[in-house]
Number of protein chains: 2
Amino acid sequence: MSTLGFALLSLLTRGPATGYQLTRRMQNPIGHFWTANHSQIYPELARLSELGHVTATEGAGPGPRAKKTYSLTARGREALADWLPKPAAFQPRNEVALKAYAAACAADRSRMAELYEQVAADAAAALAAFGEEESTMVEHGWDDISHPKFGNYAVLQLGIGSQRNLHAWATWLASQLRQ
Amino acid sequence: MSTLGFALLSLLTRGPATGYQLTRRMQNPIGHFWTANHSQIYPELARLSELGHVTATEGAGPGPRAKKTYSLTARGREALADWLPKPAAFQPRNEVALKAYAAACAADRSRMAELYEQVAADAAAALAAFGEEESTMVEHGWDDISHPKFGNYAVLQLGIGSQRNLHAWATWLASQLRQ
DNA sequence: ATTTTCATGTAATCTGTTACATGATTAC
DNA sequence: GTAATCATGTAACAGATTACATGAAAAT
């Protein structure tokens, strides 16, 4: 079982969905911390189905193929419960940080400053969007641990913190590069 | 050219090195944001060499094969300078965040709390180590933008911010899960 | 009329991890 | 003597991206 498999099981705790819907559902809010394309999701759902972690109910689709709605099975829930408390692997891939390593010895420092000013601007935009999402979530009571969508709120909180940190750092780095 | 190729060019701005040394050099500080094994690094160095971005000087090695010391060429420096200011791709892979999405609906919340308490403890340990590294860097003047190792300092700063954010978030999440 | 959304799949390619394979020197 | 460090490679596998392929319904 790959991490993607568990990601899909996690998404299915929010209710049954088609592969297409899971592709959308993954974008917000966990898309800030995990992504997958439909080309990766469809074969993985087939594997989960073979393992008995999900079941599919077929119906008429809009295109040439049948539409399959997947649901979590008891076995799937068990597999997820087993995986969740295990220590998580950390696989860092952050190009923005990587570029900072060589930024100061770059030929054109002012262009590097522009890059980090853009990073800061993007972070500010993300924070504005997150702030609105947060308000909506609080209104709906998702900030309560007993609400089934508390996880969405928790992930958003990490996103807010990460973007705030990124904003401060990129602003600092850009100002250093402007000197 | 893959991101790894540019990562290796970035590492070589600190001076010539063997594949083995690059494997070590990558661990600190950029290992917090980008990693690669030697099995990935050796073939990539061969590719960079074919492209003329690096040159290798061979010498007697400790094992059965010759030891190759790689240096950045003018073309390599150009390729790096070209890549650096371009907007960076963001490929998120964060299992800790992913697990939070399903944490609240997990069967055993107190085990999930333990997971995030451990995350917080690890972050605290990382922060302690980073603090010492930061002091050493400041003593050596790496916090000055004109120092060739300013990039190491900049990456460490992002690391400190990230761990601080992770610590605060994991502590909060654990306390929520304990309720 | 054209684009977007819904909906599912496969193929080719690229990237990354784990395991296999060798062997000298240095530290404990 | 045993383990760690230095040093370089390949092979097999797993994971992820991009491109190819089809087609209805709804929105612009």
Side-chain angles (χ1 to χ4, degrees), chain A residues 1-9 11 16-28 30-31 33-51 54 56-70 83 88-95 98, chain B residues 1-9 11 16-28 30-31 33-51 54 56-70 83 88-95 98:
Chain A
M1 278 280 295
S2 66
T3 304
L4 175 63
F6 292 111
L8 294 175
L9 295 183
L11 288 167
T18 65
Y20 185 86
Q21 286 174 317
L22 289 170
T23 311
R24 301 274 136 186
R25 203 179 276 184
M26 186 170 272
Q27 283 168 24
N28 190 274
I30 72 168
F33 300 105
W34 203 275
T35 54
N37 301 321
H38 79 273
S39 60
Q40 215 185 338
I41 289 172
Y42 287 116
E44 188 64 38
L45 283 169
R47 257 168 262 145
L48 289 172
S49 194
E50 265 184 63
L51 288 167
V54 299
T57 55
E58 292 195 22
R65 290 191 195 83
K67 167 175 151 177
K68 291 173 193 167
T69 304
Y70 293 91
W83 172 76
F90 182 57
Q91 303 136 289
R93 300 282 152 204
N94 187 336
E95 257 189 48
L98 181 57
Chain B
M1 277 279 294
S2 66
T3 304
L4 175 63
F6 291 112
L8 294 175
L9 295 182
L11 289 167
T18 65
Y20 186 85
Q21 287 174 317
L22 288 170
T23 310
R24 301 273 137 187
R25 205 180 275 182
M26 186 170 272
Q27 283 168 23
N28 189 277
I30 70 168
F33 299 105
W34 203 275
T35 54
N37 302 321
H38 78 273
S39 60
Q40 215 185 339
I41 289 173
Y42 288 115
E44 188 64 37
L45 283 169
R47 257 168 262 145
L48 290 171
S49 193
E50 265 184 61
L51 288 168
V54 299
T57 55
E58 292 195 22
R65 291 190 194 82
K67 168 174 151 176
K68 291 173 193 167
T69 304
Y70 292 92
W83 172 77
F90 182 57
Q91 303 135 287
R93 299 281 154 206
N94 187 334
E95 257 189 48
L98 181 57

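Below, chain A is the first sequence line, B the second, and so on; all start at residue 1. No experiment lies behind these values; they were computed from the predicted model shown.
Distance CZ (A:R47) to C1' (D:dA14): 10 Å, rounded to an integer number of Å. To the nearest angstrom, C1' of D:dG15 lies 13 Å from CD of B:E95. As a whole-Å value, the separation of A:Y42 OH from C:dC6 P is 11 Å. Spacing between atom NE2 of B:H38 and atom P of C:dG16 amounts to 16 Å, rounded to whole angstrom units. Protein atom CZ of B:F90 is 15 Å distant from nucleotide atom P of D:dA16, rounded to whole Å.
Among the atoms of the strands shown, none is found under 4.0 Å from any heavy atom of A:T3. Among the atoms of the strands shown, none is found under 4.0 Å from any heavy atom of B:G61. At a threshold of 4.0 angstrom between heavy atoms, the contacts of B:A66 are confined to the sugar-phosphate backbone, with no base atom among them.
A donor and an acceptor atom sit less than 3.5 Å apart, one in the side chain of A:S39 and one in the base of D:dT18.
Put simply, B:Q40 has no side-chain N or O that comes within less than 4.0 Å of OP1 or OP2 on C:dT15. Listed pair B:Y20 / D:dT8 fails the phosphate criterion, with no side-chain N or O lying under 4.0 Å from OP1 or OP2.
Between B:E44 and B:N37, it is B:E44 whose nearest contact on DNA chain C lies nearer the 5' terminus.
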